[in-house]
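Taking it in order: structure first as structure tokens, then the write-up.
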Amino acid sequence: MGTIKAFESITLDGVMQAPGRADEDTRGGFAHGGWADGFADEVSMKFAGEGMSQKGAMLFGRRTYDDLLGFWSAMGEDNPFTAHLLATPKYVVSRSEEPLTFANSTLLTGEATETVGRLRSEDDTPLTILGSGELVRALHAAGLIDVITLMVHPIVLGSGTRLFDAGERADLHLTRSVQTTTGVVIAEYAVDRQGD
């Protein structure tokens, strides 16, 4: 059985919407896009590099897949993040059967919890989700996420899509934490399962 890790940038008030750039996700009239700009440093880049060096595959919701890979592939392959994104196997959960644009991509159509649950039980490849809030919320509610890594930025936005909304209690335990020079706290949590 494989494991699933969610890797998310969030604000102190839990907003995960559009950390990368102003036009990334303006749904709901969100006007704070690009809020994570200026917080990257050597510490956060080293942490991201560790994740990229581990074997596994990526798991995306369709919207994040199209946006993230579209943006980074336009940057060219001369940076390690683009090269990693393009070379790594990618699974994309989608209600649409529209073909995927980028190499090494596999479409998972149907109900997310069923298709991802089946993939997780049949394949022991570790999966990492980047962004993809709707997918993370659905998989977390179904008990399919094993690890949640948060890059908590010292910002309060007051509006925007939050990583977690109303739902049942979930107990986590901290397995690792790193503080960056820009005030970002990277916290890795294992999800405790009932009976574990």
Side-chain angles (χ1 to χ4, degrees), residues 1-10 16 18-21 24-25 36 39-110 112-140 142 144-151 163 175-176 178 180 184 186-191:
M1 177 177 291
T3 58
I4 300 176
K5 175 191 279 190
F7 189 91
E8 306 293 335
S9 290
I10 65 167
M16 65 168 301
R21 57 186 199 285
E24 182 179 353
D25 182 358
F39 284 97
D41 69 354
E42 287 185 23
V43 177
S44 60
M45 292 295 100
K46 180 180 177 188
F47 190 92
E50 289 175 16
M52 290 190 311
S53 69
Q54 298 172 0
K55 292 188 179 191
M58 293 184 176
L59 180 63
F60 293 101
R62 182 61 183 255
R63 187 183 186 292
T64 301
Y65 169 83
D66 288 337
D67 181 75
L68 187 71
L69 275 93
F71 175 80
W72 282 101
S73 64
M75 302 289 284
E77 292 185 45
D78 58 345
N79 73 74
F81 191 62
T82 299
H84 177 73
L85 275 174
L86 295 176
T88 300
K90 293 166 284 295
Y91 293 95
V92 183
V93 179
S94 180
R95 294 179 186 97
S96 165
E97 294 189 17
E98 185 178 327
L100 300 173
T101 307
F102 302 98
N104 302 313
S105 299
T106 302
L107 183 63
L108 301 175
T109 57
T113 55
E114 293 174 14
T115 58
V116 174
R118 188 167 41 255
L119 175 65
R120 183 175 179 256
S121 66
E122 294 172 355
D123 190 335
D124 63 358
T125 301
L127 300 169
T128 299
I129 305 171
L130 301 179
S132 306
E134 186 178 337
L135 177 62
V136 169
R137 286 186 288 279
L139 297 182
H140 176 68
L144 294 172
I145 294 183
D146 302 289
V147 176
I148 300 171
T149 301
L150 302 176
M151 294 186 71
L163 178 57
T175 58
R176 181 180 180 195
V178 176
T180 74
V184 174
I186 304 170
E188 185 172 88
Y189 296 93
V191 179

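- Considering CG of Leu119 and OG1 of Thr106, their distance stands at 9.0 Å, rounded to 0.5 Å.
- The structure places CG of Leu108 at 5.0 Å from OG1 of Thr115, a figure rounded to the nearest 0.5 Å.
- Ser44 has its side chain within reach of Met151: a pair of non-hydrogen atoms, C-beta onward, lies under 4.5 Å apart.
- Contact record, Thr175 with Ala190: CG2-CB, 3.9 Å, taken as the closest heavy-atom pair.
- When the ring-ring contact (aromatic ring centres under 6.0 Å, His included) test is applied to His140, the partners found at least two apart in sequence or on another chain are Phe164.
- In terms of heavy-atom proximity, Ser73 sits nearest to Leu86 at CB-CD2, 4.4 Å.
- When all heavy atoms of Ile145 and Val147 are compared, the pair lying nearest together is CG2-O, 3.4 Å.
- Counting heavy atoms from C-beta outward, Pro19 and Glu24 have side chains that approach closer than 4.5 Å.
- How far OG1 of Thr125 is from OH of Tyr91: 6.0 Å, rounded to the nearest 0.5 Å.
- Taking the side chain as every heavy atom from C-beta outward, Thr149 and Phe47 approach each other to under 4.5 Å.
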key: Intermediate values then yes/no, side-chain contact (heavy atoms from CB on, under 4.5 Å), Leu69 and Lys90   = CA-CA 11 Å; Leu69 275 93; Lys90 293 166 284 295; 3.6 Å; yes

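- Not counting sequence neighbours, the partners of Ser94 by the side-chain contact (heavy atoms from CB on, under 4.5 Å) test are Arg62, Ser96, Leu107.
- Shown here is Arg21, whose CZ atom has more than 12 heavy atoms of other residues, nucleotides or ligands within 6.0 Å.
- The two residues Arg118 and Ser121 come nearest to each other via the heavy atoms O-OG, 3.0 Å.
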message = Quick one, Asp25 with Asp67, criterion side-chain contact (heavy atoms from CB on, under 4.5 Å). Give me CA distance, side-chain angles, the key distance, then yes/no.
response = CA-CA 9 Å; Asp25 182 358; Asp67 181 75; over 6 Å; no

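- A distance of 13.5 Å separates OH in Tyr65 from CG in Leu130, rounded to the nearest 0.5 Å.
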message = As a quick check of understanding, evaluate side-chain contact (heavy atoms from CB on, under 4.5 Å) for Asn104 and Thr88, giving each step before the final call.
response = CA-CA 7 Å; Asn104 302 313; Thr88 300; over 6 Å; no

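- Under a cut-off of 6.0 angstrom, the local environment of CD in Glu188 is crowded, with over 12 non-hydrogen atoms contributed by other residues, nucleotides or ligands.
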inquiry  = Quick one, Phe102 with Leu85, criterion side-chain contact (heavy atoms from CB on, under 4.5 Å). Give me CA distance, side-chain angles, the key distance, then yes/no.
reply    = CA-CA 10 Å; Phe102 302 98; Leu85 275 174; over 6 Å; no

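- With rounding to the nearest 0.5 angstrom, the OG1 atom of Thr109 is 12.0 Å from the CZ atom of Arg95.
- Every residue meeting the ring-ring contact (aromatic ring centres under 6.0 Å, His included) condition with Phe39, not counting sequence neighbours, appears here in chain and number order: His153.
- Residues Thr113 and Ala142 share a closest heavy-atom pair of CG2-CB, 3.6 Å.
- Using a 4.5 Å heavy-atom cutoff, the side chains of Met16 and Val136 are not in contact.
- When every heavy atom of Leu139 is checked against every heavy atom of Ala112, the shortest pair comes out as CD2-O, 4.0 Å.
- Within a 6.0 Å radius of CD in Glu50, more than 12 heavy atoms belonging to other residues, nucleotides or ligands are found.
- Atom CD1 of residue Ile129 and atom CZ of residue Phe7 lie 13.0 Å apart, to the nearest 0.5 angstrom.
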